[in-house]
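For this chain, numbers begin at 1 and follow the sequence in order. Computed over heavy atoms, backbone and side chain alike; hydrogens, waters and symmetry mates excluded.
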Amino acid sequence: MMVMNSGYLKLAALTLGVTLSYSSLSSAISSENSSDPEQDIIAKTSLVLHGESKYGSPDKAFTHFDYVNPDAPKGGSVRMAASGTFDSLNPYTNKGTPVTGIGLIYDTLMTQSRDEPFSLYPLVAESAERAPDNSSITFNLNPNARFHDGKRITANDVKYTFELLTSQGHPFYRSYYSDVDTVTALSDSRVKFTFKHANNPELPFILSELPVLPKHHWEQTENDFSSASLKIPLGSGPYQVKSVDGGRSISYVRVKDYWAEDLPVNVGRYNFDEISYDYYRDEHVALQALKAGEYDLRYENIAKNWATAYDVPAVHKGELILATIPTRNPAPIQGFAFNLRRDFFQDPLVRKAMGYAMDFEWLNRNLFHDSYIRSKSYFGNSGMEATGIPEGDELKLLEPWRKQLPAELFTKAYSVPVTSGSGNIRPQLQKALTLLKEAGWSLERNKLVDKSGQPLKVELLIAQPSLERVALPFKKNLEQMGIELTIRSVDISQYINRIRDFDYDMIVAGYGQSASPGNEQTGFWGSKAADTKGSRNYMGIKDPVVDAMIDHVINAGSREELTTAVKALDRVLLWGEYMIPQWYYPYDRIAHSNRLVRPESEPLYSTDIYTWWIDSQPNTTKATNNLSQENNGSAKPVSEEKGNSTWFYSGLILLGLIPIWMYRRRKNS
């Protein structure tokens with residue numbers, strides 16, 4: 001499972017290590033055909049990947065998640081900021097730039113808890129029936145489920161949604177749902193998904209998070225699903241669009257008669273009467289607007305800002321709270337990503353050599369106030385990282401592919417270059433030039449040229465100005481190797497279009513991971529995705545070994561098998577040198593108005609701001625988070641909480657690239 005997402009954006013079988021737990025709503029569903037082999041299937045109201053679900057057991061009624069305040073007051077409005085611009089209210093197509101927050105208007109069949117690795121509970125579907133042989137899953141819809149216009153949500157809407165997404169939606173959906181054979185509306189309230197094979201234990205979970213779109217709305221000739229449009233769509237979720245100012249702002253209002261408000265998964269959540277986003281094209285302007293009280297909450301992804309930009313009266317007076325919130329999510333991987341569709345990046349020796357030009361230790365000391373940790377895995381802080389050399393069951397997965405893999409993969413632990421942090425990387429440059437010489441390149445007149453005399457020129461495409469201060473030292477070090485790097489900064493719309501078309505040499509790419517990786521790995525690194533425009537296989541990886549390891553991940557029948565398969569996949573990706581890993585920060589850094597209150601809880605798998613509420617009479621007599629200078633001047637609250645959280649530098653500003661990411665982010669955030 002995925003992730004904004006993203007996200008998004010982080011699914012298993014009844015057998016093969018998957019448990020479906022009973023709840024007070026569980027009931028036996030009689031078969032329509034007494035000879036049906038599924039006649040003894042019992043409808044369950046929670047799905048969990050490996051192990052037992054936390055909520056809805058027979059001895060404990062499920063009334064609300066433990067991490068919410070069930071008595072949280074409703075009311076008030078919260079203002080937030082978004083980057084860039086938007087020109088579409090449809091997050092499901094490959095056209096336009098979708099607006100932030102649009103997922104708030106849609107409900108999914110089931111929804112995830114935030115304090116478990118991956119468990120799903122009823123929303124539109126009040127229960128699910130899974131075939132023991134993993135050949136199908138049937139959802140029983142809640143008879144009270146309604147769209148915002150009052151029309152009931154039916155099995156035909158679910159069937160229509162699936163067909164619409166796979167025929168006219170983003171190409172990602174066709175890959176993500178490719179193992180579904182048929183979708184059948186058994187009645188108004190029952191819909192069955194039949195699978196092409198039984199070897200995808202995650203598929204029932206993927207389908208459980210399917211958003212449900214209104215057939216009667218999108219069948220109208222004036223509503224073109226395949227296009228980018230600012231026309232307000234019809235949803236069924238806790239919010240609906242109140243107003244839109246194209247490219248500048250959007251406001252969502254809480255649905256007063258929301259059909260699912262009292263369901264256990266929603267108690268204590270969605271407490272704001274109104275949620276609005278104002279768009280800022282300049283991050284510096286956005287930061288100043290926060291300090292001036294123009295909006296209420298900001299995720300801070302820039303270490304320098306966190307260390308130096310919040311020493312302001314609003315913080316000292318307690319009007320603006322700085323919170324470092326721990327989460328349990330795996331650390332994301334981000335880095336300078338190579339586009340292997342370019343001939344000069346086909347050789348892994350070239351890619352590895354360029355990795356020596358990124359001096360993380362210097363960057364961390366001089367730009368990041370020593371607050372970041374170097375990424376060394378695609379699945380960091382998950383317990384699934386590849387470490388040491390492959391052994392045991394992991395070695396068994398890799399052994400058949402020994403001839404296709406680097407010999408060192410079996411004898412050495414993968415490592416990233418380490419410098420003194422002084423800025424002098426001469427030893428690293430010497431190693432890089434040795435690799436480049438081995439790859440057939442030579443240094444002539446301070447230019448790196450191939451055998452035909454053509455120089456190596458690379459363009460780094462960015463859309464976030466703050467990335468330039470990271471890219472410039474990288475550029476300088478590459479020049480010492482004789483490589484010419486051009487930093488090309490473009491606006492969001494142009495950036496998204498070029499990313500969709502794979503029209504770049506290098507970008508800064510980020511991948512969030514859930515605690516249970518699965519089918520989404522195909523879209524990240526699979527060979528088929530490399531040729532699918534708009535996919536998240538930004539690097540263009542087409543490697544049969546990677547494909548084989550992804551299959552092992554998807555088909556894992558237990559947590560142990562999943563861990564082994566993910567370690568093998570991680571190891572193969574690392575040794576492929578597909579990106580230059582950068583860094584992560586093990587907290588969510590959030591600056592927010594003191595009007596906002598969050599419930600106390602154990603660390604979640606990611607912060608859920610929809611459990612927060614408005615304090616109508618905030619205390620501003622003193623600062624609740626005085627700043628202290630710790631870790632070489634890094635500004636943090638005195639009572640800093642510790643833990644892990646998902647963060648990556650670019651913040652996945654490209655919300656329009658992968659619509660599914662928004663839903664997987666809902667799963668993991």
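In this pair, Tyr92 and Tyr173 present their aromatic rings tilted. The plane angle is within the 30 to 60° band. Using the six-membered ring where Trp is involved, Tyr270 and Tyr610 have ring planes that are tilted, between 30° and 60° apart. The aromatic rings of Phe86 and Tyr279 sit tilted, their planes meeting at an angle between 30° and 60°. Taking the six-membered ring where tryptophan is involved, the planes of Tyr55 and Phe65 are perpendicular, since the angle between them exceeds 60° and thus also 30°.
In this structure, Asp115 does not pair ionically with Arg328, as no charged nitrogen and carboxylate oxygen lie closer than 4.0 Å. A salt bridge links Arg595 and Asp296; the closest N-O separation between the charged side-chain nitrogens and carboxylate oxygens is under 4.0 Å. The pair Glu274-Lys242 meets the salt-bridge criterion, since a charged nitrogen lies less than 4.0 angstrom from a carboxylate oxygen. Ion pairing between Asp273 and Lys256 holds under the 4.0 Å rule for side-chain N and carboxylate O.
Using a 4.5 Å heavy-atom cutoff, the side chains of Val99 and Tyr277 are not in contact. Residues Trp612 and Val597 have side chains not in contact (no heavy-atom distance under 4.5 Å, counting atoms from C-beta outward). A 4.5 Å side-chain heavy-atom check between Phe193 and Leu210 finds at least one atom pair inside the cut-off. Side-chain contact check for Val244 versus Leu89: some heavy-atom pair is nearer than 4.5 Å. Tyr372 places none of its side-chain heavy atoms less than 4.5 Å from the side chain of Leu367. Taking the side chain as every heavy atom from C-beta outward, Ile614 and Pro73 never approach each other to under 4.5 Å. Counting heavy atoms from C-beta outward, Asn142 and Val124 have side chains that stay 4.5 Å or more apart. The shortest side-chain heavy-atom distance between Val315 and Asp311 does not fall under the 4.5 Å cut-off.
Checked by atom type and distance alone, the side chain of Asn69 never pairs as donor or acceptor with a backbone atom of Pro599 at under 3.5 Å. Using a distance-only test at 3.5 Å, with no hydrogens or angles considered, a donor-acceptor pair links the side chain of Asn594 to the main chain of Gly318. In this structure a side-chain-to-backbone donor-acceptor pair under 3.5 Å is missing from Tyr177 to Leu165. Side-chain atoms of Tyr252 come within 3.5 Å of backbone atoms of Ile102 as a donor-acceptor pair (strictly under, hydrogens ignored). The backbone N or O of Gly237 sits less than 3.5 Å from a side-chain atom of His148, completing a donor-acceptor pair. A donor-acceptor contact shorter than 3.5 Å links the side chain of Asp570 to the backbone of Ala386. Although no hydrogens or angles enter the test, the distance criterion places no donor-acceptor pair under 3.5 Å between the side chain of Asp278 and the main chain of Ala81. Looking only at distances, no side-chain donor or acceptor of Glu294 sits under 3.5 Å from a matching main-chain atom of Leu290. At distances below 3.5 Å, not a single donor-acceptor pair connects side-chain atoms of Ser375 with backbone N or O atoms of Ser377. Arg146 contributes a side-chain N or O that, together with a main-chain N or O of Pro143, makes up a donor-acceptor pair within less than 3.5 Å.
Checked against the 6.0 Å centroid criterion, the rings of Tyr378 and Tyr511 do not qualify as a close aromatic pair. Residues Trp613 and Phe272 place their aromatic rings such that the two centres sit no closer than 6.0 Å.
To the nearest 0.5 Å, atom CD of residue Glu520 and atom CZ of residue Arg536 are 10.0 Å apart. With values rounded to the nearest 0.5 angstrom, Ile590 atom CD1 is found 12.5 Å from Ile321 atom CD1. Atom OH in Tyr299 sits 8.5 Å away from atom CE in Met80 (nearest 0.5 Å). Rounding to the nearest 0.5 angstrom, the gap separating the CG atom in Leu47 from the CG atom in Leu207 is 10.5 Å. Going from atom OG of Ser113 over to atom OH of Tyr67 covers 5.5 Å, rounded to the nearest 0.5 Å. Once rounded to the nearest 0.5 Å, the distance linking CG of Leu109 with OG of Ser208 reads 7.0 Å.
The heavy-atom pair separating Gly512 from Phe524 by the smallest distance is O-CE1, 4.1 Å. Nearest heavy-atom pair, Leu120 versus Met110, reported as atom, atom and distance to 0.1 Å: O-CE, 3.8 Å. Of all non-hydrogen atoms in Val212 and Phe147, the two that sit nearest each other are O-CE2, 3.8 Å. Across Val267 and Val68, no two heavy atoms sit closer than the pair O-CG2, 3.4 Å. When all heavy atoms of Ala331 and Asn381 are compared, the closest pair comes out as N-CB, 3.9 Å. In terms of heavy-atom proximity, Gly293 sits nearest to Arg79 at O-NH2, 3.1 Å.
Side-chain contact annotation: Glu300 with Tyr310, donor-acceptor N/O pair under 3.5 Å present. Side-chain N/O atoms of Ser46 and Ser53 include a donor and acceptor closer than 3.5 Å.
The environment of NZ in Lys291 is crowded: more than 12 heavy-atom neighbours from other residues, nucleotides or ligands sit within 6.0 Å. Within a 6.0 Å radius of NZ in Lys74, more than 12 heavy atoms belonging to other residues, nucleotides or ligands are found. Lys376 NZ: 12 or fewer foreign heavy atoms inside a 6.0 Å radius.
The side chain to side chain contact (heavy atoms under 4.5 Å, CB included) test with Val566 is passed by exactly one of Leu562, Thr564, Thr563: Leu562. Among Glu116, Glu202, Arg559, the one residue that satisfies the side chain to side chain donor-acceptor pair (under 3.5 Å) test with Ser516 is Arg559.
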Trace of the side chain to side chain contact (heavy atoms under 4.5 Å, CB included) decision for Thr522 with Phe172 = CA-CA 10 Å; Thr522 300; Phe172 180 84; over 6 Å; no
Check the pair Ile153, Ser236 against side chain to side chain contact (heavy atoms under 4.5 Å, CB included), reporting the backbone distance first and the verdict last.
-> CA-CA 9 Å; Ile153 298 176; Ser236 61; 3.8 Å; yes
Trace of the side chain to side chain contact (heavy atoms under 4.5 Å, CB included) decision for Val253 with Val241 | CA-CA 6 Å; Val253 62; Val241 176; over 6 Å; no
Using the side chain to side chain contact (heavy atoms under 4.5 Å, CB included) rule, take Ile250 and Thr100 through it: C-alpha gap first, then chi angles, then the decisive distance, then the call.
-> CA-CA 8 Å; Ile250 187 167; Thr100 299; 5.9 Å; no
Salt bridge (charged side-chain N to carboxylate O under 4.0 Å, His left out) between Glu283 and Arg298, intermediate numbers included | CA-CA 11 Å; Glu283 285 298 311; Arg298 171 186 173 89; 3.6 Å; yes
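Both the sub-6.0 Å distance and the 45° axial angle are satisfied by Arg589 relative to the ring of Tyr585.
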